[in-house]
Number of protein chains: 2
Amino acid sequence: MATTIKDIADKAGVSISTVSLVLNQKGYVAPVTKKKIQTIINDLNYRPLHSARKLATRQTGNFGFILWEGHFSEVEMFYSQVFLGMEYAARKNDYYILLTTVREGFDPREDLPRFLRYKDVDGVALAGRVPEPLIRYLDHQQIPFVLIDYEIPGENFNCIKIDNYNGAFRAVENLILSGRKHIAFVGGTFFHPSIKERYRGYREALEKHGLNHNNGNGYSYCENIETSRSIGEKGIMQLLEKYPEIDAIFSCNDTTALGVISGVHRMKKKIPQDIALFGFDDIPTAEFSTPKLSTIRVPKLEIGKEAYKLLYELIQHPKMAPQTRIISVDTVIRETSSSE
Amino acid sequence: MATTIKDIADKAGVSISTVSLVLNQKGYVAPVTKKKIQTIINDLNYRPLHSARKLATRQTGNFGFILWEGHFSEVEMFYSQVFLGMEYAARKNDYYILLTTVREGFDPREDLPRFLRYKDVDGVALAGRVPEPLIRYLDHQQIPFVLIDYEIPGENFNCIKIDNYNGAFRAVENLILSGRKHIAFVGGTFFHPSIKERYRGYREALEKHGLNHNNGNGYSYCENIETSRSIGEKGIMQLLEKYPEIDAIFSCNDTTALGVISGVHRMKKKIPQDIALFGFDDIPTAEFSTPKLSTIRVPKLEIGKEAYKLLYELIQHPKMAPQTRIISVDTVIRETSSSE
DNA sequence: AGAATATATTAAAACGTTTCGATAAAACAA
DNA sequence: TTGTTTTATCGAAACGTTTTAATATATTCT
């Protein structure tokens, strides 16, 4: 069969325990024996059997990655990239990332992901909008977890956040500095805290430059449903109907921005000549729209990596106080915002 | 601590073995004891510890899902959806799917995915174009595997295939029946067997309707690099330059088709009035392009499901002969192909 | 009735690792 | 010198299951 720790021990003329010690870099083992053991391990290409190790250590060696079903099926590759970032980072410590989705109407008694039901993970990452009952469950069960791009207001959970406020602020300021005066916000639900922050960035940028309308709320279109392409298209058309003077748009995310492009087009206006546009996220498609979308780039792989690192620290130091880590963003100028 | 099989046994006044038997539905156990044990299991919400079970059975309870790095980062959500289909199917048997990517210049000695290096999977699915050395490695190591949407010519491996030929044939025939006479093929590399099949479908549909040009090769643009948006844009522009009579296009996949839309647009022609267009895959974006893309839908979730099922059968019956299962496709008519 | 077979339960071994405590030699301190 | 600490190694228990073979009882067959 496959070679076991015993084979190594026998061949090296030492006990199993000693081999285990060098495997885990623990305790004292003489440099010379250590070297000998390591050579044999290499020669025989030996790898400790994970299930045995896990049984002994009572760790699982897995992290869960939970995504709301809708996110994963969406057009955008946003969260898939975040996942990939985690997977890359996990390679260092030989952790596996178990990916699963949860339904909208999540019920902890029914829909609990298998890896939670079977306690097959040491911790979990939750990406994007995720059912609150699930978060409560994890908190209650004392399972280490980190939220990605999400938060529960008033609660202090471990969390990787995007610098939404500054990104939005910069996007809008960029629009302003290129000479635009009537800047609209097109977004979806405020149910998602990130969108709320982006809206705040939008408003404060306007305020800073004295460009307020509508009691400091700017021109904004927000529907209380998920942000998406159709929201963008419908939103900007209604807005232009009402405020034909609009000459720039900041869209809550790229997907919505792509809808905005269609909408503006259907209203017989030109981007960027008549109307400039900024998105948020820098999803891969942004580079391929016509015209190419200016946007705020959020480093998705890095988010995944940070989430992993935080999770890993969390299980090393179980009593660690909850942390929030903010990932900064970059401005990427393409065609939709170039100065006329 | 967590409840173990021993707790159940004690509480039920039976031996550990008996509990194990009902857990695994094996051997003989009296209906009354079985019921009693099951009740206790439910009451205590007991789940067998996977690592212990795995250690005893010498199975891992995992399947690997390997993707070429490029595929995963691509704009399209194609393979992510296939993965999700596997994950859904795996829920039934409590299998986990471990997702990872491999680099282009794959070297089995260097880049072997962790779950292979540590023998942490009972089998693996390989999606799309994947390095041949990896396939050879799996074959040689006798690790059960199934190829998804790929094959090695002349080899008989387990394989889930898309009905590329018929899909292409139907798309092109649809174009023909709506009155088009000069139909071009825009595609990328023939390195991928699926593309080759789609090209064959294209040619044979032309032939059937006596619409041949260029020695039966039609109008075709193929570059020996990966298929993508830019190929589509560049390809159709060159083709139109040379053959201005082209009035329809079949594109090797949707991503390329999106590029074709740009290209046609830049050549000052209108879709579908001047030129009709068909894609292949039905990626989510296809529904949101302007005009909306007609295409051949390939059921991605179902592909994942079939891959899982085949893999599962494979480990139940290790001596099973290699199988090829073909997933059929649907025609979806949207705006780019509507009759003028 | 006796033999064979089907039903029901269990003790104990096995799976491959980690870790605790014991033991012993070597190094150091007084 | 003796006693303490540090270094080095190991035996054995533990982790929570499955599985094999043994045992016991009940049922069926001749």
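Chain letters run A, B, ... following the sequence lines, proteins first, then strands; residues in each count from 1.
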If you restrict it to nitrogen or oxygen atoms, what contacts under 3.5 Å exist between nucleotides 21-28 of chain D and the protein, and what is each distance?
none

Value in whole Å for how far the [atom2] atom of [N] lies from [atom1] of [X]:
X: B/His50; N: D/dC15; atom1: NE2; atom2: C1'; result: 16 Å
X: A/Arg53; N: C/dG16; atom1: CZ; atom2: P; result: 15 Å
X: B/Leu49; N: D/dT18; atom1: CG; atom2: P; result: 10 Å
X: B/Gln25; N: D/dT18; atom1: CD; atom2: P; result: 12 Å
X: B/Asp7; N: D/dG16; atom1: CG; atom2: C1'; result: 11 Å
X: A/Lys54; N: D/dT17; atom1: NZ; atom2: C1'; result: 15 Å
X: A/Asp10; N: C/dG16; atom1: CG; atom2: C1'; result: 14 Å
X: A/Ile37; N: D/dT9; atom1: CD1; atom2: P; result: 8 Å

Phosphate OP1/OP2 of [N] contacted by [X] side-chain N/O (<4.0 Å):
X: A/Tyr46; N: C/dT17; result: yes
X: B/Arg58; N: C/dC15; result: no
X: A/Tyr28; N: D/dT7; result: yes
X: A/Thr4; N: C/dG16; result: no

Check your understanding: Any chance CD of B/Gln25 has more than 12 other-residue heavy atoms, nucleotides or ligands included, within less than 6.0 Å?
Key ->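 No, not enclosed.
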Check your understanding: More than 12 foreign heavy atoms under 6.0 Å from NZ of A/Lys305: is that the case here?
Key ->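 Atom NZ in A/Lys305 is not packed in, count stays at 12 or less.
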Review point. Taking five pairs at each end, how big is the angle between the two axes of the helix from C/dA1-D/dT30 to C/dA30-D/dT1, to 10°?
Key: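 Between the axes fitted at each end of the helix from C/dA1-D/dT30 to C/dA30-D/dT1 lies an angle of 40°.
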Testing the 3.5 Å rule here: is there a donor-acceptor pair between the side chains of [X] and [Y]?
X: A/Ser17; Y: A/Ser20; result: no
X: B/Ser328; Y: B/Asp163; result: no
X: B/Tyr46; Y: B/Asp7; result: no

Practice item. Considering non-hydrogen atoms only, spot the tightest contact between B/Thr60 and B/Lys119 and give its length. Key: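 Heavy atoms only, the tightest pair is CG2-O, 3.5 Å.
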**Study point:** Heavy-atom pair of closest approach, residues A/Pro193 and A/Glu151
**Key:**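 Nearest heavy atoms, A/Pro193 then A/Glu151: CG-O, 3.6 Å.
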**Study point:** Upstream residue (5' side of DNA chain C) when A/Ile5 and B/Val29 are each assigned their closest nucleotide
**Key:**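 Counting from the 5' end, the first nearest nucleotide belongs to B/Val29.
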Exercise for review: On DNA chain C, check which nucleotide each of B/Leu55 and B/Thr33 is closest to and give me the residue with the more 5' one.
Suggested key: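 Whichever sits nearer the 5' end wins; that is B/Thr33.
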Check your understanding: Once the angle between the rings of A/Tyr95 and A/Phe63 is folded into 0 to 90°, is it parallel (under 30°), tilted (30 to 60°) or perpendicular (over 60°)?
Key ->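 Parallel.
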Review point. B/Ala30 side chain: which of D/dT18, C/dA8, C/dG16 is closest?
Key: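 Nucleotide nearest to B/Ala30's side chain: C/dA8.
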Check your understanding: Can you give one letter per nucleotide of nucleotides 19-25 of chain C, 5' to 3': B if a protein heavy atom sits under 4.0 Å from the base, S if only from the sugar-phosphate, - if neither?
Key -> B------
**Study point:** Qualifying residue for ring-ring contact (aromatic ring centres under 6.0 Å, His included) with B/Phe65, from B/Tyr96, B/Phe115, B/Phe83, B/Phe145
**Key:**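 Looking at B/Tyr96, B/Phe115, B/Phe83, B/Phe145, the match for B/Phe65 under the ring-ring contact (aromatic ring centres under 6.0 Å, His included) is B/Phe83.
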Starting at [atom1] of [X], measure out to [atom2] of [Y] and round the result to the nearest 0.5 Å.
X: A/Asp122; Y: A/Asn62; atom1: CG; atom2: CG; answer: 7.0 Å
X: A/Thr18; Y: A/Ile8; atom1: OG1; atom2: CD1; answer: 13.0 Å
X: B/Glu306; Y: B/Leu301; atom1: CD; atom2: CG; answer: 12.5 Å

